[in-house]
Amino acid sequence: MPQNIPVVEKILSANDKLAQENLARIDAAGIFAINIMASPGAGKTSLIERTVRALSPKYRIGMINGDIATSLDADRAAAAGAVAVQINTGGNCHLDAVQLQSALDQLDLSSLDLLIVENIGNLICPAEFKLGTHKNVIVASIPEGDDKPHKYPSMYRGADVLILNKIDLLPYVPFRMEFFSQGVAALNPGVTQFNLSCTTGEGLDAWLGWIDGQIKK
Amino acid sequence: MIAMHELAVTESILEIALRHAAAQNATRITDLYLVIGQWSSIVDDSVQFYWDTLSDGTIAKGATLHFERIPTELLCLDCGKTYQPDSRDLLCPDCHSTRLKVLKGEEFRLDSIEIET
Ligand SMILES: Nc1nc2c(ncn2[C@@H]2O[C@H](COP(=O)(O)OP(=O)(O)OP(=O)(O)O)[C@@H](O)[C@H]2O)c(=O)[nH]1
Ligand SMILES: [Mg+2]
Ligand SMILES: [Zn+2]
């Protein structure tokens with residue numbers, strides 16, 4: 001006998017559940033963890049290098065990278081002073097909670113204060129897959145254009161922190177700050193925003209101060 | 001790039017459907033009703049493609065996937081207008097406010113399944 005049964009379950013509920021388990025592990029180790037998402041080339045690794053350089057004298061920092069083909073970004077983070085783990089994503093377009101779990105297995109969590117995950121360069125998919133970090137950080141950059149919040153709403157919806165990188169390029173690239181800000185305000189009015197340049201270092205202190213305030217002392 | 005994303009999504013859909021069907025001692029799953037908001041990044045055709053492979057050998061083999069696509073709907077908190085954003089920007093078309101509430105468009109769930117017992 002055919003019969004219709006209600007399910008009403010979020011499609012990625014299994015991933016969400018595992019993300020919660022990851023978060024519990026991270027919390028138990030007393031670590032503050034962030035998930036950095038952005039389009040390719042926005043400056044995720046540059047931001048991580050800057051952050052690790054500035055904070056590694058004070059904190060022990062782990063970095064997890066999900067690059068598709070190389071370990072270049074993990075190597076850059078390691079050179080800056082982080083314990084870096086490269087996870088093989090097999091050509092995936094986002095990291096998921098399973099991959100974070102296996103990366104956590106490769107780290108000595110009890111020896112870390114801060115964990116930085118560099119997600120795969122993609123403005124669409126990563127937002128749907130929770131990992132189990134405390135905060136989602138999205139990096140936008142001036143050369144990408146001012147219309148990105150309007151065009152990629154789901155990414156901006158899920159962010160706790162928005163970094164607007166490459167402000168050193170403002171004199172050279174047309175970028176309507178007001179239009180960008182309108183999109184952000186529409187999608188995520190409470191988001192914490194830092195405008196900065198990883199190249200010149202301008203604006204970095206405010207971001208570093210924010211992270212410092214989040215790390216469990 | 002996109003296709004791998006739908007593989008993970010399709011695996012998840014199958015897992016949920018099989019779990020609910022087993023709880024009812026179903027012998028077959030014939031239909032799945034999915035509700036997908038416009039702002040959720042999934043492509044129906046790719047899910048269908050993976051579905052045919054993944055469901056093979058399960059009681060969901062050959063089941064029909066029904067996609068209900070929900071257009072994005074925003075509410076302007078300043079003038080009360082409800083609207084679907086156009087392709088240029090998200091702002092309220094009447095008063096250009098950015099104080100908005102997302103009413104619809106972020107759905108991403110399996111609503112129900114049709115089974116035989
Ligand atoms: N002008 C300028 N260039 C920057 C800035 N930050 C990063 N870049 C440059 O942007 C390019 C990409 O930077 P990455 O840090 O590798 O970007 P990413 O987001 O990690 O890139 P993928 O991991 O490949 O997606 C590099 O050439 C950087 O030197 C900045 O603030 N200003
Ligand atoms: Mg990088
Ligand atoms: Zn209005």
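Note on naming: letters A, B, ... go to the chains in the order of the sequence lines (proteins, then strands), and numbering restarts at 1 for each one.
For Glu11(B), no part sits under 4.5 Å from any heavy atom of chain A, backbone or side chain. Interface remark: Ile36(B) contributes side-chain atoms only to the contact with chain A (heavy atom separation under 4.5 Å). Both the backbone and the side chain of Thr117(B) come within less than 4.5 Å of a heavy atom in chain A. At a 4.5 Å heavy-atom cutoff, the contact between Ser40(B) and chain A is made by backbone and side-chain atoms alike. Of the two parts of Leu91(B), only the side chain, counted from C-beta on, holds a non-hydrogen atom closer than 4.5 Å to a non-hydrogen atom of chain A.
Chosen from His96(B), Arg109(B), Glu107(B), Arg99(B), the residue pairing most often with chain A at heavy-atom distances under 4.5 Å is Arg109(B). Ranked by heavy-atom pairs under 4.5 Å with chain B, the first of Asp96(A), Leu187(A), Asn15(A) is Leu187(A).
Heavy-atom neighbours of chain B within the stretch residues 139-157 of chain A, taken at a separation under 4.5 angstrom, comprise Pro149(A), His150(A), Pro153(A), Ser154(A), Arg157(A). Within residues 27-39 of chain A, no residue approaches chain B closer than 4.5 Å by heavy atoms. At a heavy-atom separation below 4.5 angstrom, chain A is approached by no residue within residues 60-75 of chain B.
Heavy-atom minimum distance, Trp39(B) versus Glu128(A): O-OE2, 4.1 Å.
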Just list the side-chain donor-acceptor pairs under 3.5 Å for residues 2-12 of chain A, sequence neighbours left out, or say none.
from, atom 1, to, atom 2, distance (Å)
Asn4(A), OD1, Ser112(B), OG, 3.4
Asn4(A), ND2, Ser112(B), OG, 3.4
Asn4(A), ND2, Glu114(B), OE1, 3.0
Glu9(A), OE1, Arg19(B), NH1, 3.3
Glu9(A), OE1, His20(B), NE2, 2.8
Glu9(A), OE2, Ser13(A), OG, 3.0
Glu9(A), OE2, Arg19(B), NH2, 2.6
Lys10(A), NZ, Asp16(A), OD2, 3.1

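Summarising the local packing, CD of Glu202(A) is surrounded by 12 or fewer heavy atoms from other residues, nucleotides or ligands at distances under 6.0 Å. Remark: Phe49(B) CZ is loosely packed, at most 12 non-hydrogen atoms of other residues, nucleotides or ligands lying under 6.0 Å away.
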